[in-house]
There are 2 protein chains.
Amino acid sequence: MSTLTQPRAAWRDRLRAAGLRVTAGRLAALDYLDDHPHSTAAEVLEGVAPALPSLSAQSVHNIVHDLTAVGLLRRVDLPDSDAARYETRTHDNHHHVQCVVCGRIEDVDCVVGHAPCLTPSQTHGMRILEAAVTFRGICPECEARTRDAAQEG
Amino acid sequence: MSTLTQPRAAWRDRLRAAGLRVTAGRLAALDYLDDHPHSTAAEVLEGVAPALPSLSAQSVHNIVHDLTAVGLLRRVDLPDSDAARYETRTHDNHHHVQCVVCGRIEDVDCVVGHAPCLTPSQTHGMRILEAAVTFRGICPECEARTRDAAQEG
DNA sequence: AGCGCTCTTTTGAGTGACTCAAAAGATCAC
DNA sequence: GTGATCTTTTGAGTCACTCAAAAGAGCGCT
């Protein structure tokens, strides 16, 4: 049922290549985040619990921290979100759209080469390394629901 | 010595217009944030303490929350920042550059009309309301310091 | 100017994400 | 298999922020 882009064997190789040991917790977290991008540490813990009930919240924090450090995960900080989120899509500098109503998060590719977001008008002398862009919007479902509610009134 | 863009009398009027009472804490917080943009609640508390030692941390949280709600302040959520930041520049949809070394934050105007950041390639059907953009870079001072350190090695 | 209703601030406790540290446990090179 | 080393666990602690009730201040009204 899952739509994993990386089989477990690939994760094993990438963990080893990063100099990290292959553990059940790390594989489970990578699998879960591959299938459920933009999850918080708490969500990873909950999602992994059925298969790995012994995994502690602490370990999940260690895991996402370590895997982010070696580039196997990317940390996503969204405005108005209390907890950090993580995803397996790394090194492609994509951005995110979030529905302000339901909180749904989707990826948005950044057009490499054009990257208009990387050329701000004034940089205060700073050399720009990257741009973190979060679009806030309303998804079709929530917009329809809002419209329906308005018509009923 | 201060470079306030708004005299106190203006803040009084804007507070009253928003239906809020004029209190010493609110005026002090507005003054401080006008002079020290992108400050956290803790920084506001510290900066205001000399003039208003009785003001509690709780009150500062109330103040920035309430003033943000009525549009007198704007909340800024920066990646890798544990605390929310606030500024008096509202309603002009500007963005921010942050130095990844020293953490310095500067404003970046958004070119109204062109606003390339508001037209992502795919929106997943979402109607985009706004884009929150944070540029990460290195400020001249930190770059020079890095260069000097490299030459010494 | 003074009274009093209402909004603010204060005080105190509590939540939730995350960190630090030491001991128990698992991984992997040999 | 065995042991050194890395991970996980367990437990305590920090920090930003919230909730709630009582004390206090602002301001409309007379």
Side-chain angles (χ1 to χ4, degrees), chain A residues 8-9 11-30 32 38-49 51-70 72-73 75-86 103, chain B residues 8-9 11-30 32 38-49 51-70 72-73 75-86 103:
Chain A
R8 286 221 144 174
W11 288 129
R12 303 185 87 96
D13 293 345
R14 297 186 63 186
L15 281 168
R16 294 306 300 144
L20 295 179
R21 293 188 177 168
V22 179
T23 68
R26 285 173 176 165
L27 288 175
L30 285 166
Y32 183 81
H38 322 124
S39 297
T40 63
E43 288 165 352
V44 170
L45 176 64
E46 191 182 6
V48 156
L52 245 69
S54 69
L55 198 71
S56 67
Q58 196 56 37
S59 295
V60 175
H61 279 116
N62 290 343
I63 288 168
V64 293
H65 177 270
D66 294 345
L67 298 189
T68 301
V70 300
L72 282 186
L73 289 180
R75 177 183 165 135
V76 183
D77 288 303
L78 259 39
D80 300 320
S81 177
D82 41 354
R85 296 174 178 278
Y86 299 88
Chain B
R8 286 221 144 175
W11 288 129
R12 303 186 87 95
D13 292 345
R14 297 187 63 185
L15 281 167
R16 295 305 300 142
L20 296 179
R21 291 186 178 168
V22 179
T23 69
R26 285 172 177 166
L27 288 175
L30 285 166
Y32 183 81
H38 323 123
S39 298
T40 63
E43 287 165 354
V44 171
L45 177 65
E46 190 182 6
V48 157
L52 245 70
S54 69
L55 197 71
S56 68
Q58 196 57 36
S59 296
V60 176
H61 279 117
N62 290 342
I63 289 169
V64 293
H65 178 269
D66 293 346
L67 297 190
T68 301
V70 299
L72 283 185
L73 288 181
R75 177 185 165 134
V76 182
D77 287 304
L78 260 40
D80 299 319
S81 178
D82 41 354
R85 297 173 178 278
Y86 299 87

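Values below: all heavy atoms of this structure, side chains included; hydrogens, waters and symmetry mates excluded. Below, read A as the first sequence line, B as the second, and so on, with proteins coming before strands; counting in each chain starts at 1.
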Checklist entry - side chain to side chain contact (heavy atoms under 4.5 Å, CB included) with Val60(B): which of Thr40(B), Val44(B), Leu52(B)? => result Val44(B)

Could you run down the sub-3.5 Å N/O contacts of the protein with nucleotides 25-30 of chain C?
residue : atom : partner  : partner atom : Å
dT27(C) : O2   : Arg21(A) : NH1          : 2.8
dT27(C) : O2   : Arg21(A) : NH2          : 3.3
dC28(C) : OP1  : Val22(A) : N            : 2.9
dA29(C) : OP1  : Arg16(A) : NH2          : 2.8

Item to check | Atom CZ of Arg12(A) with >12 non-hydrogen neighbours under 6.0 angstrom | outcome: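 Not more than 12 within 6.0 Å, no.
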
d([atom1], [X]; [atom2], [N]) in whole Å:
X: Ile63(B); N: dG26(D); atom1: CD1; atom2: P; answer: 12 Å
X: Leu55(A); N: dA24(C); atom1: CG; atom2: C1'; answer: 16 Å
X: Glu46(A); N: dG16(C); atom1: CD; atom2: P; answer: 13 Å
X: Asp13(B); N: dG26(D); atom1: CG; atom2: C1'; answer: 16 Å
X: Arg26(A); N: dC6(D); atom1: CZ; atom2: P; answer: 11 Å

Item to check | Consecutive-pair stems (3 or more, Watson-Crick or G-U, under 3.5 Å) for DNA chain D | outcome: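 Ordered by first number, the stems with DNA chain D (at least 3 consecutive pairs each) read C:1-30 with D:1-30.
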
Checklist entry - Can you tell me how far CG of Leu73(B) sits from CD1 of Ile63(B), rounded to the nearest 0.5 angstrom? => result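 With rounding to 0.5 Å, CD1 (Ile63(B)) is 9.5 Å from CG (Leu73(B)).
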
Next on the checklist: Return the CD to OH distance between Glu43(A) and Tyr32(A), rounded to the nearest 0.5 Å.
Outcome noted: 6.0 Å

Checklist entry - Looking at residues at least two apart in the chain, or sitting in another chain, which of them share a side-chain hydrogen bond (donor to acceptor under 3.5 Å, both in side chains) with Ser59(A)? => result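 Checked Ser59(A) against side-chain hydrogen bond (donor to acceptor under 3.5 Å, both in side chains); matches are Ser56(A).
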
Checklist entry - Of all residues at least two apart in sequence or in a different chain, which pass the side-chain hydrogen bond (donor to acceptor under 3.5 Å, both in side chains) check with Asp77(A)? => result Arg75(A)

Item to check | Chi angles and distances behind the side chain to side chain contact (heavy atoms under 4.5 Å, CB included) call for Thr23(A), Leu15(A) | outcome: CA-CA 9 Å; Thr23(A) 68; Leu15(A) 281 168; over 6 Å; no

Checklist entry - Which atom names give the shortest non-hydrogen contact between His38(A) and Arg85(A), and what distance separates them? => result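 So the minimum-distance heavy-atom pair works out to O-NH1, 2.8 Å.
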
Item to check | Taking every non-hydrogen atom, the tightest pair across Leu30(A) and Leu72(A) | outcome: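 What the structure gives for the nearest pair is CD2-O, 4.3 Å.
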
Next on the checklist: Across nucleotides 10-22 of chain D, 5' to 3', mark each nucleotide with B, S or - according to how protein heavy atoms within less than 4.0 Å reach it.
Outcome noted: BB----SBBB---

Checklist entry - Taking only residues two or more places apart in sequence or in another chain, which ones pass ring-ring contact (aromatic ring centres under 6.0 Å, His included) with His61(B)? => result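 Residues passing ring-ring contact (aromatic ring centres under 6.0 Å, His included) with His61(B): none at all.
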
Checklist entry - Could you go step by step and tell me if Leu20(B) and Leu67(B) meet the side chain to side chain contact (heavy atoms under 4.5 Å, CB included) rule? => result CA-CA 9 Å; Leu20(B) 296 179; Leu67(B) 297 190; 3.8 Å; yes

